[in-house]
Number of protein chains: 2
Amino acid sequence: MLEVARCCRLRRFERGAFVFFEGTRARAVQVLYTGRVKVVRETDDGREVIIRIIQPGEIFGGAGGWGREVYPATAVTLEDSRILELPSEDFATLVERYSDFAMAMIRELATRLREAEARILELQTERVERRIARTLLRLANKTGTKTERGIEIGVPLSRQSLADLCGTTLSTASRVLSGWDRAGIIFAEREHVTIRHAHQLVAIAEDIAEAE
Amino acid sequence: MLEVARCCRLRRFERGAFVFFEGTRARAVQVLYTGRVKVVRETDDGREVIIRIIQPGEIFGGAGGWGREVYPATAVTLEDSRILELPSEDFATLVERYSDFAMAMIRELATRLREAEARILELQTERVERRIARTLLRLANKTGTKTERGIEIGVPLSRQSLADLCGTTLSTASRVLSGWDRAGIIFAEREHVTIRHAHQLVAIAEDIAEAE
DNA sequence: CGTGTAATTGAGTAGGGTCAACGTGAGTGG
DNA sequence: CCACTCACGTTGACCCTACTCAATTACACG
């Protein structure tokens, strides 16, 4: 695996920089080293949907590696980030040569596929409030750190981003968060959310009747 | 590849039969030989979402093959069907031994992932009418046959199924189809849709102002 | 010819999207 | 250190899409 490291290039990106654009040639596969990245797709009329939020250690922009010509989405950094880039050809070679590696990729893709399908299920059946609750819980799980105030979500998360993540609008996301903040369930701050009482959020997410 | 065929078992299912259930052990990977199958997931409150409609020749229930313990969804036949089953272990062996096979699986999964993401995009940004138009066009593309009346969708498709496919309700799906039938865009029949004027449907799907 | 499943259609309603005006807090430069 | 600015966030009013509920009709199959 040393040979892998040798092919890699480390690049730095400022907050808000584009790592790659939808439709451009997929020359490399990227691995996030530090920072955060969002992968988004845009509609013709400018609405943005966040496909995935990338944590340090995760692979993204894999399209080139598994045979796509161009990136099917755009990647933007949410913080200053450092990213390892592995040329697509080298990646493909790895897959061919090492069956473990191939198997790992298959597992990775299968996991993501199930996540995507779960999201489809959610979008088709759940109301906005629940979707937001679930999204927050998911983010807390993946990126949260315990503080004395509660579980703090470790991604800079504007109301707009949250809306783009769970298929609603800025206004609605804001309203819902404000409501929960007032109810003491969360701390809703500028680009940051801290969950005070996860169980109440779970109750909303799972529609458990809340006995106050 | 002969050895593959040797491991396979051919099974027959009547219309409406369950090929496998969500949550049960994934012992085999299936390939549809003849007929049609829908892969669905259900919510706790009984709402059904169609994840995918399977055509002859397509693989489904791959979970076991790529390392999952249990099926994450349920498969039901839409017509009398014949299905080839390959034990999960044999499948895994194939992936390990033949890098072409592994690569093909990676491509397959990547394609599905992009399809799923496209659907997420649609669900988050498009209105019901457009989603139905797109779903019909997609089905027509995949399963359609030209007749003198137009392009006939080759899957038995009740209003309910259509609704489950594009995230709406029976009533709404029925209303929309009736409207289009009256407008002469499609023939809406019992469990069958034939597209008369695809361009008009495209216009709706892409929101092109229709000059009558 | 009866029975069950699919489909149609109406009336009523509300979730949440749209638009718009107004706060607010974090950087920036003097 | 303070004021200015800009992006982020809040909140209200309005309204429309599409869901819910429910009654009725049309088919297909035994």
Side-chain angles (χ1 to χ4, degrees), chain A residues 14-16 38 43 45-50 76 78-80 122-133 135-136 153 155-183 186-194 204 207, chain B residues 14-16 38 43 45-50 76 78-80 122-133 135-136 153 155-183 186-194 204 207:
Chain A
E14 293 198 331
R15 180 185 178 172
K38 65 175 176 180
T43 53
D45 58 326
R47 289 191 48 140
E48 196 171 271
V49 173
I50 298 182
V76 187
L78 291 169
E79 301 174 346
D80 295 353
E122 237 181 77
L123 282 168
Q124 293 203 7
T125 57
E126 243 84 78
R127 303 206 168 304
V128 168
E129 221 189 20
R130 276 220 216 168
R131 295 208 305 266
I132 295 178
T135 304
L136 288 184
I153 289 174
V155 192
L157 189 75
S158 68
R159 303 292 180 271
Q160 181 67 59
S161 293
L162 184 60
D164 294 343
L165 255 176
C166 48
T168 179
T169 57
L170 167 62
S171 318
T172 303
S174 177
R175 263 184 259 269
V176 171
L177 288 205
S178 300
W180 290 344
D181 186 303
R182 244 174 271 126
I186 62 172
F187 292 106
E189 290 162 317
R190 194 190 174 82
E191 300 203 294
H192 269 279
V193 176
T194 304
I204 294 166
D207 196 26
Chain B
E14 293 197 333
R15 181 188 176 164
K38 63 175 177 181
T43 53
D45 59 326
R47 289 193 46 145
E48 194 171 272
V49 173
I50 298 183
V76 187
L78 292 170
E79 302 172 345
D80 294 355
E122 236 181 78
L123 283 167
Q124 292 204 7
T125 58
E126 242 83 78
R127 305 204 165 297
V128 168
E129 223 191 17
R130 275 219 219 171
R131 296 209 303 268
I132 296 179
T135 304
L136 288 184
I153 289 174
V155 192
L157 188 75
S158 69
R159 303 291 181 273
Q160 182 67 61
S161 293
L162 184 59
D164 294 343
L165 256 175
C166 48
T168 179
T169 57
L170 168 63
S171 318
T172 303
S174 175
R175 263 184 258 270
V176 170
L177 288 204
S178 299
W180 290 345
D181 185 303
R182 245 175 270 125
I186 61 170
F187 291 106
E189 291 160 316
R190 196 188 172 85
E191 299 203 294
H192 269 278
V193 177
T194 303
I204 293 164
D207 196 26

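Every value quoted in this text rests on a predicted model; they were computed, and no experiment measured them. By convention in this document, chain letters (A, B, ...) are assigned in the order of the sequence lines, proteins followed by strands, and residues within each chain are numbered from 1.
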Query raised in the report: Quick one: does A:Ser174's side chain have a donor or acceptor within less than 3.5 Å of a partner on A:Leu170's backbone?
Result: no
Report task. Check the pair A:Leu162 / A:Val176 against side-chain contact (heavy atoms from CB on, under 4.5 Å), numbers first and verdict last. Result -> CA-CA 11 Å; A:Leu162 184 60; A:Val176 171; over 6 Å; no
Requested in this report: Could you identify which residues of residues 173-182 of chain A place a heavy atom less than 4.0 Å from some atom of DNA chain D, listed by residue number, or say none?
Outcome: A:Ser174, A:Arg175, A:Ser178, A:Arg182
Query raised in the report: What's the spacing between A:Arg130 CZ and A:Ile204 CD1 if we round to 0.5 Å?
Result: 10.5 Å
Report task. Check whether any side-chain N or O of B:Arg131 sits under 3.5 Å from a backbone N or O of B:Glu126 as a donor-acceptor pair, and report yes or no. Result -> yes
Query raised in the report: How far does CZ of A:Arg15 sit from CG of A:Asp80, to the nearest 0.5 angstrom?
Result: 8.5 Å
Report summary line: Whole-Å distance, A:Gln160 CD to D:dT10 P, equals 13 Å
Query raised in the report: Looking across every strand, which nucleic acid part, if any, lies under 4.0 Å from A:Thr168 by heavy atom: base, sugar-phosphate, or nothing?
Result: sugar-phosphate
Shorter than 3.5 Å, N or O on both sides, protein versus nucleotides 26-29 of chain D: list them out with atom names.
none

Query - Any A:Arg159 side-chain nitrogen or oxygen under 4.0 Å from OP1 or OP2 of D:dG9 - result: yes
Query - D:dC19 OP1/OP2 closer than 4.0 Å to side-chain N/O of B:Thr172 - result: yes
Report summary line: In this structure, CD of B:Glu129 is separated from SG of B:Cys166 (nearest 0.5 Å) by 11.5 Å
Query raised in the report: What is the distance, rounded to the nearest whole Å, between atom CZ of B:Arg47 and atom C1' of D:dT20?
Result: 11 Å
Requested in this report: Write down the distance between CZ (A:Arg130) and C1' (C:dG16), rounded to a whole number of angstrom.
Outcome: 16 Å
Report summary line: When rounded to whole Å, the CG to C1' distance for the pair A:Leu170 and D:dT11 reads 11 Å
Report task. Specify the angle, to 10°, made by the local axes at the two ends of the helix from C:dC1-D:dG30 to C:dG30-D:dC1 when five pairs are taken at each end. Result -> 40°
Query raised in the report: Okay, side chain of B:Ser161, backbone of B:Leu157: is any donor-acceptor separation there less than 3.5 Å?
Result: no
Query raised in the report: Between B:Leu165 and A:Gln124, which heavy-atom pair has the shortest distance, and what is it?
Result: O-NE2, 3.5 Å
Report summary line: Of C:dA6, D:dT11, D:dC21, the nucleotide closest to the side chain of B:Ser158 is C:dA6
Report summary line: Here the distance between atom P of C:dG17 and atom CZ of A:Arg127, to the nearest Å, is 12 Å
Query raised in the report: Between the side chain of A:Asp181 and the main-chain N/O of A:Phe187, is any donor-acceptor distance below 3.5 Å?
Result: no
Query raised in the report: What's the closest nucleotide to the B:Glu191 side chain, out of C:dA6, D:dA22, D:dG9?
Result: C:dA6
Report task. For B:Leu78 and C:dA6, give me the distance from atom CG to atom P, rounded to whole Å. Result -> 12 Å
Report task. Starting from P on D:dA18, measure out to CD1 on B:Ile132 and report it in whole angstrom. Result -> 9 Å
Report summary line: When rounded to whole Å, the CG to P distance for the pair A:Leu157 and D:dC8 reads 12 Å
Requested in this report: Assign A:Glu129 to base, sugar-phosphate, or nothing according to its heavy-atom contacts below 4.0 angstrom with the strands shown.
Outcome: nothing
Report task. Taking only the side-chain heavy atoms of B:Thr169 (C-beta and beyond), determine which of D:dT20, D:dG9, C:dA7 contains the nearest atom. Result -> D:dT20
Query raised in the report: What's the spacing between A:Ile50 CD1 and A:Lys38 NZ if we round to 0.5 Å?
Result: 5.0 Å
Query raised in the report: How long is the gap from OG1 on A:Thr168 to CZ on A:Arg159, to the nearest 0.5 Å?
Result: 13.0 Å
Query raised in the report: Just how far is it from atom CD1 of A:Ile186 to atom OG1 of A:Thr194, taken to the nearest 0.5 Å?
Result: 8.5 Å
